[in-house]
Amino acid sequence: MLDRVLLRNEPDKVREAAENKGEPCPIDEWLELDEKRHQLLTETEDLRKRRNELSKEVSSLKREGIKADGQIIESRDIGKRIGSIEKDLNVTYTRMSELELYFPNIPDTDVPIGRDETSNQIVKTVGEKPSFDHAPLPHWEILGGLLDQEASGSIAGSNFILLRGWAAWLQRTLISWMMDFNFRAGMEEIWLPFIANRESMTSTGQIPKLEYDMYHIEKDDLFLVPTGEVPLTNIYRDSILQEKDLPIKIFGYSPCFRREAGSYGKDTRGLNRVHQFEKVEMVRMVKPDNSEASLTEMTYHVGNMLELLGLSYRVSLLSTGDLSFAAAKCYDFEVWSAGQEKWLEVSSVSNFRDFQSRRGMIRYKPSGGGKPRYVHTLNGSGLALPRIMAALIENGQTESGKVALPKILAERTGIKVLG
RNA sequence: GGAGAGGUGGCCGAGUAUGGCUUAAGGCGUACGCCUGCUAAGCGUAUGAGAUUAUAUCUCCGAGGGUUCAAAUCCCUCCCUCUCCGCCA
């Protein structure tokens, strides 16, 4: 959500941001309503003021045992007028709040302007792509029956994952390693609910824009979380923190549920795009001045993880057209997948500035006193499992169809080769 | 699922029976000042949030409705928390 003062005073900025992000922008309707609201508000406040005065008069007259019929009649009349204006005001206000949920966040000034991912800026590329004496296979061929699509299909449907044997073991091992890595980096570990209510989904920005892509439990109006970002960020919804509590650095594991409606046929083989994937997510709440530095710090952290796993990767600064609705700036991490010969996105690290905190009313009280301020929120995957699995399996494959584990996992588990 | 008790400012907590001198007591915490020869104690002052029309006004006591001249207080609906019972990994 954007600041109302900004909407009111700099509508052009809002318009431009929406256009660069390729989002609709109902700012003109909003501005009209804002003016109307202002008028109605002034009117009711004057009336209320008068009614409060009358109330006091009635109360003191009654205490002295004097009749106050005149005041009561006037007040009754005012009450009716307030009632009718308020109805109008409510309609106006409700519509404005609705519209406000559709204004996308404004990209930072250093975000490249562009229509889609072709305008993303590759910031750096790290590590060597592995070379092979044989033609490397895609992960689904190496996995074979260990990726049991017949079973997952009959249990849930297409594009759900069922892993067997060492593939299942590898996933569990990776989750555990990632959790430990983040834990040792000093973040607080959180175990989360994997279901979130409508308010939570709205405050992080998945609703209303992406509601159709969420799994919804109608009976209870609850949603399966599309990312750990939702429960992690909403821990602090509607709260006022102390400045000394910041920065808050938390992480947690969650499965991520996405309907992926409308993405049929695109990159859907194997583990590339599925309805439920596992992810370890990091979230931070920081003072506004520190969010830029925090973003940088988080990208280093993610880069470290990929390097430890021995994966070559590249980092892109997303252009406005590829930037998500709620983000102000985002770096994507992609690892090289030798069997498919392409880059796979495994982490997004984003700064949301005060966009989510305003929706979710996450604030802090400055230690020098003064009004509560919105925190800045950031999040990043550390890391998303299926594509890490795919890359590790493809990049570590041997000619005999086995998979060599990266050193960090081999040392951790005592197992060097899978298969 | 059943029964009961609750939800009041950053936190704790009074106020609800009897609607109006509540602009929500008091405490904790925080900030500033004083005192103090020492990371303490004491004293004083300030301190809920939001809105624009800003030395002011209005709104907000879980959410939404209703009754009333007037609602934290009465009525209705819903949500959440706790305790006990039931069911269950």
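Chain identifiers are assigned alphabetically (A, B, ...) following the order of the sequence lines, protein sequences preceding nucleic acid strands; residue numbering begins at 1 within each chain. The structure displayed is predicted, hence computed values, not measured ones.
Annotation: B/rG29 and B/rC78 have their P atoms spaced 42 Å apart (nearest Å). The same atom, C1', is picked in B/rG65 and in B/rA46; the two are 39 Å apart, to the nearest Å. Spacing of P atoms, B/rC58 relative to B/rG19, comes out at 25 Å, to the nearest Å. Separation of the C1' atoms belonging to B/rA31 and B/rU83 is 40 Å when rounded to the nearest angstrom. With both ends at atom C1', the span from B/rA25 to B/rU73 equals 16 Å, rounded to whole Å. Taking atom C1' on both B/rG62 and B/rA49, the two are 15 Å apart, rounded to the nearest angstrom. Nucleotides B/rU59 and B/rA71 have their C1' atoms positioned 15 Å apart, rounded to a whole Å. Taking the C1' atom of each, B/rG27 and B/rG15 are spaced 15 Å apart, rounded to whole Å.
Between A/R363 and B/rG10 there is no side-chain polar atom (N or O) within less than 4.0 angstrom of OP1 or OP2. Side-chain nitrogen and oxygen atoms of A/R8 include at least one within less than 4.0 Å of the OP1 or OP2 phosphate oxygen of B/rU52. Between A/K365 and B/rA31 there is no side-chain N or O to OP1 or OP2 distance below 4.0 Å. Contact annotation: A/R51 side-chain N/O to B/rC69 OP1/OP2 distance is not under 4.0 Å.
You'll find that the side chain of A/R48 is closest to B/rU59, out of B/rG65, B/rC69, B/rU59. Listed nucleotides: B/rC58, B/rA51, B/rG65. Nearest to the side chain of A/K49: B/rC58. With B/rA51, B/rA70, B/rU59 as the choices, the nucleotide that has an atom nearest any side-chain atom of A/S55 turns out to be B/rA70. The side chain of A/E45 lies closest to B/rU57 when the candidates are B/rG50, B/rU57, B/rA70. Here the nucleotide nearest the side chain of A/N52, chosen from B/rA51, B/rC58, B/rG10, is B/rC58. Candidate nucleotides B/rA51, B/rC69, B/rA49 were compared by shortest atom distance to the side chain of A/K371, and B/rA49 ranks first.
Between A/R4 and A/E100, at least one side-chain N (NZ, or NE/NH1/NH2) sits under 4.0 Å from a carboxylate O, which counts as a salt bridge. The residues A/K36 and A/D88 are annotated as salt-bridged, a charged nitrogen and a carboxylate oxygen being separated by less than 4.0 angstrom. A salt bridge between A/R353 and A/E292 is present, with a side-chain N of the basic residue lying under 4.0 Å from a carboxylate O of the acidic one.
Side-chain contact, A/T398 with A/S400: a donor N or O sits under 3.5 Å from an acceptor N or O. Side-chain contact check for A/R237 and A/N234: at least one donor-acceptor pair (N or O, by modelled atom type) lies under 3.5 Å.
The NZ-C1' distance, from A/K80 to B/rC69, rounds to 11 Å in whole Å. Rounding to whole angstrom units, CG of residue A/N197 and P of B/rA63 are separated by 16 Å.
Across all strands shown, nothing is found opposite B/rU18 as a Watson-Crick or G-U wobble partner with both distances under 3.5 Å. Figure legend. B/rU45 is base-paired to B/rA31; pairs are counted as Watson-Crick or G-U wobble with both atom distances under 3.5 Å. Here B/rG37 sits opposite no nucleotide as a Watson-Crick or G-U wobble pair (both hydrogen-bonding atom distances under 3.5 Å). With both pairing distances under 3.5 Å, B/rU68 is matched to nothing as a Watson-Crick or G-U wobble pair. A 3.5 Å limit on both hydrogen-bonding distances identifies B/rG2 as the Watson-Crick or G-U partner of B/rC84. The partner of B/rU52 is B/rA56, judged by Watson-Crick or G-U wobble contacts that both fall below 3.5 Å.
Among the atoms of the strands shown, only primed sugar atoms or phosphate atoms (P, OP1, OP2) are found under 4.0 Å from some heavy atom of A/I240.
Between A/R359 and A/F325, the closest heavy-atom pair is NH2-CE2, 3.4 Å.
In this structure, A/Y313 has its ring center no closer than 6.0 Å to that of A/W343.
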